[in-house]
Amino acid sequence: MTDNSDIVAENDRLRAALQAAEVGTWDYHLRTGQMQWSPICKQLFGLPTDLHVTTAILLDQVHPDDRQRVSEANALVFSPSGDGQHDVTFRTLNPQNTLRWVRAQGKLIRDEHDEPIRFSGIVQDVTQQVVAQQKLAHSEEEYRHLSRELESQVQRRTQELVASVQDLKRSNHNLEQFAYIASHDLQEPLRKIQSFSTLLQNHYTSQLGEGVDYLQRMQNASSRMSVLIKDLLLYSRISTQQQISTSVPLMSVVESVLVDLDLVVHETVAVIQVDSLPTVLGNGSQLRQLFQNLLSNGLKFRYAGGKPKIRISSRQIDVESLPAVVKPTRWAPTYHQIDVSDNGIGFDDKYVDRIFQVFQRLHGKDNYGGTGIGLAICEKVVANHGGAITARSQPGQGATFSIYLPV
């Protein structure tokens with residue numbers, strides 16, 4: 001079992017490794033405007049570690065002769081013509097007006113809509129390397145000697161950074177375990193609320209009067225919260241855990257899901273047609289969750305008294321034939337297109353991007369239950385498998401969800 005002290009210790013080791021490597025870090029969240037600069041990063045710019053830093057303050061600490069070049073490098077990162085990579089070496093000033101050469105390396109992270117959301121990176125003091133390079137012109141023998149020293153320094157720094165990355169991975173693993181344990185701890189008080197409210201309702205109904213209605217509402221709310229916690233945990237684990245890819249026959253996956261949904265299929269008199277489906281490389285458990293959510297949606301979002309009709313079909317298409325809105329997370333010359341179509345209530349096509357976001361609902365929870373996480377889980381599963389998912393629909397004309405997986 002992992003507790004908070006273990007997580008703190010892991011993070012302390014990571015910070016110690018970065019400090020030993022003399023590496024400063026920055027993290028800029030573009031949507032919130034939140035900026036985080038590590039103490040070493042501030043020191044490399046000659047600033048007090050307790051100072052609240054902005055981009056403008058940092059730029060003021062750049063040598064006047066380098067400011068224009070640094071500003072252009074920063075602008076290129078956010079430019080549509082840029083590749084999001086940031087790598088620039090420049091001079092900074094300190095209170096004694098002595099020069100320090102630093103190298104800033106970072107990357108701009110974009111979301112699925114190609115909008116920038118985060119800009120993070122590292123800063124290192126490379127004064128010794130730069131000075132050494134400037135001396136190379138004086139002597140070929142000195143050049144050879146200093147080159148070997150620089151290579152040794154790079155190797156040491158690389159090893160230190162590799163160790164830091166390993167520490168970070170272990171920290172993330174511990175955080176995942178902590179989230180899993182915390183979710184179970186949250187479930188326990190909910191079970192007690194449901195149990196005690198049921199006892200009150202069963203034994204004291206006559207004395208409670210209108211209070212019975214409040215008890216029922218309390219039970220319903222706790223049940224919804226229990227489902228929400230489970231769905232959030234599932235979404236978190238799909239987002240963070242490392243996957244092992246094996247050959248997964250999708251026909252067997254769908255057959256297993258239909259066994260679980262047999263009661264709902266029988267109650268709704270649903271007709272489900274499954275055409276021949278391919279075998280893909282992936283995680284069987286995640287792919288099962290994908291089809292479970294899509295089929296459950298097809299059965300749930302039906303007209304009152306209507307009989308659901310769902311069809312699952314598949315074909316192969318070339319990468320050139322992918323719809324423009326489809327952006328798989330892994331390139332392949334050919335993709336499986338798997339369509340899950342239903343005759344339900346449908347939705348307006350303008351909401352196609354919104355439905356794959358967490359907690360986004362197009363229909364009232366009083367009429368159609370759920371937490372608003374199911375399709376977000378589907379999108380995450382498909383992304384983990386190198387593919388993409390989209391949908392097309394019109395109100396009253398059913399919906400078709402199209403999954404694209406690399407062959």
Side-chain angles (χ1 to χ4, degrees), residues 4 6-62 66-67 70-80 82-90 92 100-126 157-158 160-176 178-179 235-236 239-242 329 357-358 380 383:
N4 286 334
D6 292 330
I7 296 173
V8 171
E10 289 289 347
N11 289 334
D12 287 342
R13 283 193 288 272
L14 175 58
R15 284 192 290 268
L18 290 173
Q19 185 171 359
E22 298 178 356
V23 176
T25 62
W26 83 82
D27 196 5
Y28 180 18
H29 294 261
L30 300 175
R31 289 179 176 171
T32 64
Q34 182 180 6
M35 299 182 184
Q36 295 177 338
W37 314 92
S38 73
I40 292 179
C41 183
K42 295 177 183 179
Q43 290 173 2
L44 293 177
F45 280 82
L47 297 170
T49 57
D50 59 349
L51 179 68
H52 176 70
V53 177
T54 65
T55 303
I57 292 176
L58 288 177
L59 192 60
D60 285 340
Q61 295 303 113
V62 177
D66 294 341
R67 284 176 191 164
V70 172
S71 296
E72 292 174 355
N74 291 340
L76 182 61
V77 172
F78 297 91
S79 170
D83 60 2
Q85 301 292 334
H86 182 69
D87 190 348
V88 59
T89 301
F90 52 92
T92 63
R100 176 192 284 120
W101 284 92
V102 300
R103 183 181 183 184
Q105 295 173 279
K107 180 174 178 59
L108 181 69
I109 300 174
R110 299 177 178 272
D111 62 15
E112 62 272 23
H113 306 297
D114 205 36
E115 292 294 328
I117 59 174
R118 193 171 180 180
F119 182 38
S120 306
I122 62 173
V123 181
Q124 293 178 280
D125 186 337
V126 294
R157 292 288 175 89
T158 300
E160 291 165 351
L161 288 174
V162 168
S164 298
V165 170
Q166 293 300 322
D167 281 341
L168 182 59
K169 287 182 178 179
R170 283 191 291 270
S171 178
N172 286 339
H173 176 68
N174 288 336
L175 286 172
E176 179 185 345
F178 177 77
Y235 182 80
S236 174
S239 300
T240 59
Q241 66 185 11
Q242 192 174 22
T329 57
Q357 299 175 13
V358 178
K380 183 60 65 176

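It should be emphasised that the depicted structure is a prediction, and the values quoted were computed from it without experimental measurement.
Asp66 is linked by a salt bridge (charged side-chain N to carboxylate O under 4.0 Å, His left out) to Arg69, Arg91, counting only residues two or more places apart in sequence or in another chain. By the side chain to side chain donor-acceptor pair (under 3.5 Å) test, Arg118 is found to be paired with Asp27, residues two or more places apart in sequence or in another chain being considered. Remark: Phe119 engages Trp26, Phe78, His86 in a ring pair (Phe, Tyr, Trp, His ring centres under 6.0 Å) (not counting sequence neighbours). The side chain to side chain donor-acceptor pair (under 3.5 Å) test applied to Glu112 returns no partner, not counting sequence neighbours. For Asp83, there are no side chain to side chain donor-acceptor pair (under 3.5 Å) partners, not counting sequence neighbours. For Arg157, the salt bridge (charged side-chain N to carboxylate O under 4.0 Å, His left out) partners are Glu22, not counting sequence neighbours.
Applying the salt bridge (Lys or Arg N to Asp or Glu O under 4.0 Å) test to pairs two or more places apart or on separate chains, those with a residue in residues 30-40 are Arg31-Asp111. Among residue pairs with one or both ends in residues 32-45, none qualify as side chain to side chain donor-acceptor pair (under 3.5 Å); sequence neighbours excluded.
In terms of modelled atom types and a separation under 3.5 Å, the side chain of Ser79 and the main chain of Ala75 share no donor-acceptor contact.
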Step-by-step side chain to side chain contact (heavy atoms under 4.5 Å, CB included) determination, Val88 to Arg103 | CA-CA 6 Å; Val88 59; Arg103 183 181 183 184; over 6 Å; no

I would like to know whether Ile122 and Thr25 meet side chain to side chain contact (heavy atoms under 4.5 Å, CB included); could you show each step before the answer?
-> CA-CA 4 Å; Ile122 62 173; Thr25 62; 4.2 Å; yes

Check step by step if side chain to side chain contact (heavy atoms under 4.5 Å, CB included) holds for Asp87 and Gln85.
-> CA-CA 7 Å; Asp87 190 348; Gln85 301 292 334; over 6 Å; no

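For the pairing with Thr92, the side chain to side chain contact (heavy atoms under 4.5 Å, CB included) check across Val102, Val123, Leu44 returns one residue only, Val102.
Taken from CD1 in Ile109 to CD in Glu115, the straight-line distance is 15.0 Å, to the nearest 0.5 Å.
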Please table the atom pairs, donor to acceptor, closer than 3.5 Å between any side-chain atom in residues 45-55 and protein atoms at least two apart or in another chain.
| residue | atom | partner | partner atom | Å |
| --- | --- | --- | --- | --- |
| Thr54 | OG1 | Ile57 | N | 3.3 |

